[in-house]
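Notes follow once the structure below has been shown.
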Amino acid sequence: MAAAEKGKKKRAPLSSFTILLIILVVLAIVTVIMSASGVEGVQGATLSQVLTAPVFGFQDAIGVCLFVMILGGFLGIVTETGALDAGIAALVHKLKGNELVLIPILMAIFSIGGTTYGMCEETVPFYLLLAATMVAAGFDSLTGAAVVLLGAGCGVLGSTVNPFAVGVAVDALSGIGIAVNQGIIIALGAILWLTTTIISIIFVMRYAKKVKADKGSTFLSLQEQQDMMNEWGMKESETEAADDDAAATPKMSGRQKWSLIVFALTFVIMIVSFIPWADLGVTIFDAGATTQEVTTTVTGEELVSAYDEANGTTTTLAAPVEATSVAEEEVTPAWSSFLTGVPLGSWYFDEASTWFLLMALVIGVIGGVSESRFVKAFINGAADMMSVVLIIALARSITVLMAKTGLDMWILNNAAAALTGMSAIIFAPLSFLLYIVLSFLIPSSSGMATVSIPILGGLAHQLNFSVETMVMIYSAGNGLVNLFTPTSGAIMGGLALAKVEYSTWLKFGAKLFVVLGVVCIVILTAAMVILS
């Protein structure tokens, strides 16, 4: 019997890489079958398209990939100073017995970032920090991942003024001549945001409380627990020292205190820089900027060339054509653009990478890290992020392949046609379910809005249904899927940083995702019936 048991191999869960590759291949096969069956609008994926998809996915995600690598180097320098470990120890010591209070506070903060400016890829740095903090507080790394993902995710699900979700959707509707009541969108978004966030906070707190009382309650596998302890757990000697001196307040040197202050300031500036203040009516960071109109003559050949390149057509002009292009050109930059050339509120990943690289140097100097230690720590930190970078690139490759084959648009167009003529009470939940399907193919909220809202929003308008509710159906459906879709680089990368397998995350959150989905359907269906 013992020999038989020894002969049995324990089945390990599929890695994120394998899951993403399986999805890529399966979707490619689906497009081939559909194309061979004569389905219009879908081209069968070729072998070359499948093989090159990860490469083009990397190119498409190069900004966030570079940001993650530099972030790894930055965290490597902070760790080298010892400030991060000392800061977490001091925080946990101060909250002794009240560690649970961290969860609602942090989730509320992340949710505000999600509902206001679509905080998603920007959360990647926090998975590592929160995993370490939650393990030190007596919970597990899964709790840390849940705080970040569910906090920011529920905020995005209930977007109120998020320019990358409802902003793009409203703009898309305006582009086809449909007026939208922003007040209704904000109110409906706030209801979804607050309801789903409260449910998620209760869910995470209950889980964390169980884990703290009984480590066997964790959803983490034995291997994941081992990886977690190897990364963030105290060694035996450290445990004995902590037991002998449990009441002592952790000591931090002056260098470590200043390193932590600059560390915190780095993340505050990053968050401030990503929020599109101008879209929210705040112009303080754009002060000092002046522009002038520049008129450029455009020839008919240039117009035709640009049109044909964008649409894959061949156009000829019957007669010579000449046009003028008027654009705003910056004369004097805004005061806040002195560092990266782009004002705060307009930063993206290139500017954030520059910021973290600079602050790594600053913290290295403050923390007294020598040149040789700095280079080694930065390289090692960046190397630790390579698995995350590759996961992000592979996740993006699925979106790239679907765009090339046209499968995403085929599903959207046919589903919209099927929804025609339905009553509001049926139209709303089916539209929500449609967005769940589409969001696996297009996890980007702005990309989804650009592609789908002119079609489904226009359909809702033709049927005299509330277009504002349609916008929130898109936001909630896309936001719900982005709590667990493997095609999101931020999710897969963040879970990898927290040492949590994707399969574990699904087991942990499955019931919650169903509850959130049902709650969203009830709220949105009621809104569609009342407002239509």
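The structure presented is a predicted model; accordingly, all values stated were derived computationally and were not measured.
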Parallel, tilted or perpendicular, as decided by the 30° and 60° cut-offs, for the rings of Trp505 and Phe513 | tilted
For Ser452 and Leu412, work out which heavy atoms get closest and say how close.
-> CA-CD2, 3.6 Å
In short, Pro486 meets Phe440 closest at the heavy-atom pair CD-CE2, 4.2 Å
Which is it for Ser439 and Asn478 under the side chain to side chain donor-acceptor pair (under 3.5 Å) test, yes or no, and what are the steps along the way?
-> CA-CA 5 Å; Ser439 296; Asn478 185 253; 3.0 Å; yes
Test of ring centre spacing under 6.0 Å for Phe126 and Phe267 | yes
Report the distance from atom CG of Leu106 to atom CD1 of Ile103, rounding to the nearest 0.5 Å.
-> 8.5 Å
Are any non-hydrogen side-chain atoms of Leu192 and Leu157 less than 4.5 angstrom apart?
-> yes
Can you name the closest pair of heavy atoms from Cys154 and Leu516 and give their distance?
-> SG-CD1, 4.4 Å
Roughly how far apart are Ile436 CD1 and Ser431 OG, rounded to 0.5 Å?
-> 11.5 Å
For Thr143 and Asp140, run side chain to side chain donor-acceptor pair (under 3.5 Å): C-alpha distance rounded to whole Å, both residues' side-chain angles, the deciding distance at 0.1 Å, then the answer.
-> CA-CA 5 Å; Thr143 305; Asp140 60 7; 2.7 Å; yes
Under the side chain to side chain donor-acceptor pair (under 3.5 Å) rule, what do Glu501 and Ser503 come out as? Steps first, then yes or no, please.
-> CA-CA 5 Å; Glu501 293 289 344; Ser503 57; 5.3 Å; no
Aromatic plane relationship, Phe74 with Phe356 - under 30° parallel, 30 to 60° tilted, over 60° perpendicular = perpendicular
Specify the closest pair of heavy atoms between Phe465 and Ser532, including all atoms of both residues, with the distance to one decimal.
-> CA-OG, 3.3 Å
Side chain proximity check, Leu149 to Thr123, heavy atoms < 4.5 angstrom | no
Is there a donor in the side chain of Ser273 and an acceptor in the side chain of Trp355, or the other way round, less than 3.5 Å apart?
-> no
Answer yes or no: is there a side-chain heavy-atom contact under 4.5 Å between Val166 and Met472?
-> yes
Quick check: are there more than 12 heavy atoms from other residues, nucleotides or ligands sitting under 6.0 Å from CD of Gln43?
-> no
Plane angle bin for Tyr207 and Phe508 - parallel if under 30°, tilted between 30 and 60°, otherwise perpendicular | perpendicular
Is there a donor-acceptor contact under 3.5 Å linking the side chains of Thr354 and Glu351?
-> no
Are more than 12 heavy atoms from other residues, nucleotides or ligands located less than 6.0 Å from atom CD1 of Ile425?
-> no
Could you pull out the closest heavy-atom pair between Ile269 and Leu344, with the gap in Å?
-> CG2-CD2, 4.4 Å
Atom OG of Ser336 and atom CG of Asp286: how far apart are they, to the nearest 0.5 Å?
-> 6.5 Å
State whether a side-chain donor-acceptor pair under 3.5 Å links Glu468 with Ser466.
-> yes
Distance-minimising heavy-atom pair for Met385 and Leu497 | SD-CD2, 3.3 Å
Thr160 and Trp193: side chain to side chain donor-acceptor pair (under 3.5 Å), yes or no, with the steps?
-> CA-CA 8 Å; Thr160 50; Trp193 161 41; over 6 Å; no
Would you call Leu419 and Leu434 a side-chain contact if the rule is heavy atoms closer than 4.5 Å?
-> yes
